[in-house]
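One structure below.
From a predicted model like this one, the values you see are computed outputs, not experimental measurements. Any value given below was found using the heavy atoms of this structure, including those in side chains, with hydrogens, waters and symmetry copies removed.
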Protein chains: 2
Amino acid sequence: MRAQTELDSHAPAAPASGAAPTLSELEIEAIDLFIGLIKLLGMPKSVGELYGLLFVSPTPLPMETLMDRLNMSKGSASQGLKLLRSFGAVKTVYVAGDRRDHYVAEFDLSRFASNFIKGELQPHLDSGLERIKRMEHLIQQFTPGERDTAENRLVRLRHWHEKGQAMVPWILKFLVS
Amino acid sequence: MRAQTELDSHAPAAPASGAAPTLSELEIEAIDLFIGLIKLLGMPKSVGELYGLLFVSPTPLPMETLMDRLNMSKGSASQGLKLLRSFGAVKTVYVAGDRRDHYVAEFDLSRFASNFIKGELQPHLDSGLERIKRMEHLIQQFTPGERDTAENRLVRLRHWHEKGQAMVPWILKFLVS
DNA sequence: CAAACTGTCCAGAAAAAAATGAACAAACCG
DNA sequence: CGGTTTGTTCATTTTTTTCTGGACAGTTTG
């Protein structure tokens, strides 16, 4: 077992006994904050915990420390970090004399947002467009009377879709600081 | 039991037997589309089904019809319609000679978005700000060396928060057509 | 090379979210 | 009124999502 070498006095190391490690108030606030944000984006809370703790950590942390401090299983930590890496929300850095990967939070919001949009939002917009096209095709078989209402509504749908699509680049530009 | 009086030949009524009522292709596309959208917003799929069917229905539909066509329990239908009403995504209209409420979809996107933001997004932003303030307060007790990193990060957090906050009115303006 | 270490993956367990259906309240009807 | 229809609420069940922990593969080390 590796010696506990964290330097942050406000991030208490595990107590003498093998009991649950404690988190500082600052860490708890950060974790809560990011749990909220992450859940809003539809991701599991463990991901928010990981990012929250890394966000306030003054030093890079290896997975083992994250597991210990957050009382989280190896599986969750590994999967969560993988997800965070895939969004560019977290990266690994080299730490001299330690074979393990050490993680630090990335603070560049725009990269995260851009990856999130590319990975989660855009596919939805695309499949939505497909559906709209299919619906437009389907109503061709309707009698004129029926077609009117349906056509009118599909026009609106297309309108929504265009708005959504048009907003994406704008949001990205807005977030680049 | 009330006679089935839907007029849309593309929205087949229940078959002669008591078997599962069928949905037209158009209805299925619409429902799938809105299930996707609604889940993206973190709401249960039943809500998407309800809105999807109402979106393409040429006539107002009572809850009973929605339940039958979607194979959905009374409880889910009632709760889902309540939620949709609360966002202004759906409203009831009077239908002569029928005591039941009849529902139609609202097509005004901006009202829905504004209610969604007010109800879901803004509270998160508010509680986030509270947390940031609390964190800023907590780091006052740190020694100068520790405080630096933390302060730097909190500045970034504030920045993110301001961006999020600033984007809300812009999105609303964008969606008003 | 064997033993120890690090991290991934995935089947099963646990927790969380959503759907069900029956009890209930309210409105209507004769 | 008593009976019926309509819709809401909520305790329970079902479904879905998330977490866990061990098997495993790849590396490093003595």
**Prompt:** Is a side-chain donor or acceptor of Gln79(A) paired with a backbone partner of Ser76(A) at a separation under 3.5 angstrom?
**Reply:** no

Here the residues of residues 81-90 of chain A within 4.0 Å heavy-atom distance, strictly under, of DNA chain C are Lys82(A), Arg85(A)

I'd like to know if the side chain of His161(B) reaches the main chain of Leu125(B), judged simply by a donor and an acceptor atom lying under 3.5 Å from each other, with no hydrogens or angles considered. yes

Tabulate protein N/O versus nucleotide N/O from nucleotides 25-30 of chain C, keeping only pairs under 3.5 Å, one per line.
none

Between CZ of Arg100(A) and P of dT28(D) the distance, given in whole Å, is 15 Å

The helix from dC1(C)-dG30(D) to dG30(C)-dC1(D): angle between terminal helix axes, five bp per end, to the nearest 10 degrees, reads 0°

Here the salt bridge (Lys or Arg N to Asp or Glu O under 4.0 Å) pairs for residues 154-169 of chain B, sequence neighbours left out, are Glu136(B)-Arg158(B)

Here the salt bridge (Lys or Arg N to Asp or Glu O under 4.0 Å) pairs for residues 31-41 of chain B, sequence neighbours left out, are Arg131(A)-Asp32(B)

In short, salt bridge (Lys or Arg N to Asp or Glu O under 4.0 Å) pairs touching residues 113-127 of chain B with sequence neighbours left out are none

Hits for ring-ring contact (aromatic ring centres under 6.0 Å, His included) against Tyr103(B), two or more places apart or cross-chain, chain-then-number order -> none

note: Glu64(B), atom CD; dT6(D), atom P; distance rounded to Å ~ 7 Å

>> Check whether Ser78(A) reaches the backbone of Gly75(A) with its side chain - one donor and one acceptor, N or O, closer than 3.5 Å.
In response: no

Using distance only, find each side-chain donor-acceptor pair of residues 164-174 of chain A under 3.5 Å and give its atom names and separation, not counting sequence neighbours.
| from | atom 1 | to | atom 2 | distance (Å) |
| --- | --- | --- | --- | --- |
| Gln165(A) | OE1 | Gln122(A) | NE2 | 3.1 |

For Glu151(A), the salt bridge (Lys or Arg N to Asp or Glu O under 4.0 Å) test, sequence neighbours excluded, returns none

Produce the list of close N/O pairs, under 3.5 Å, pairing protein atoms with atoms of nucleotides 19-22 of chain C; give distances to one decimal.
| from | atom 1 | to | atom 2 | distance (Å) |
| --- | --- | --- | --- | --- |
| dA19(C) | OP1 | Ser46(B) | N | 3.3 |
| dA19(C) | OP2 | Ser46(B) | OG | 2.8 |
| dT20(C) | OP2 | Ser73(B) | N | 2.9 |
| dT20(C) | OP2 | Ser73(B) | OG | 3.1 |
| dT20(C) | OP2 | Ser76(B) | OG | 3.4 |

Residues at least two apart in sequence or cross-chain that pass salt bridge (Lys or Arg N to Asp or Glu O under 4.0 Å) with Arg111(B), listed by chain then number, are Glu106(B)

Tightest non-hydrogen contact, residues Phe34(A) and Gly52(A), listed as CD1-CA, 3.6 Å

With Leu157(B) as partner, the option from Leu33(A), Val56(A), Leu109(A) fulfilling side-chain contact (heavy atoms from CB on, under 4.5 Å) is Leu33(A)

Leu83(B) meets the side-chain contact (heavy atoms from CB on, under 4.5 Å) criterion, sequence neighbours left out, with Met43(B), Val47(B), Ser86(B), Phe87(B)

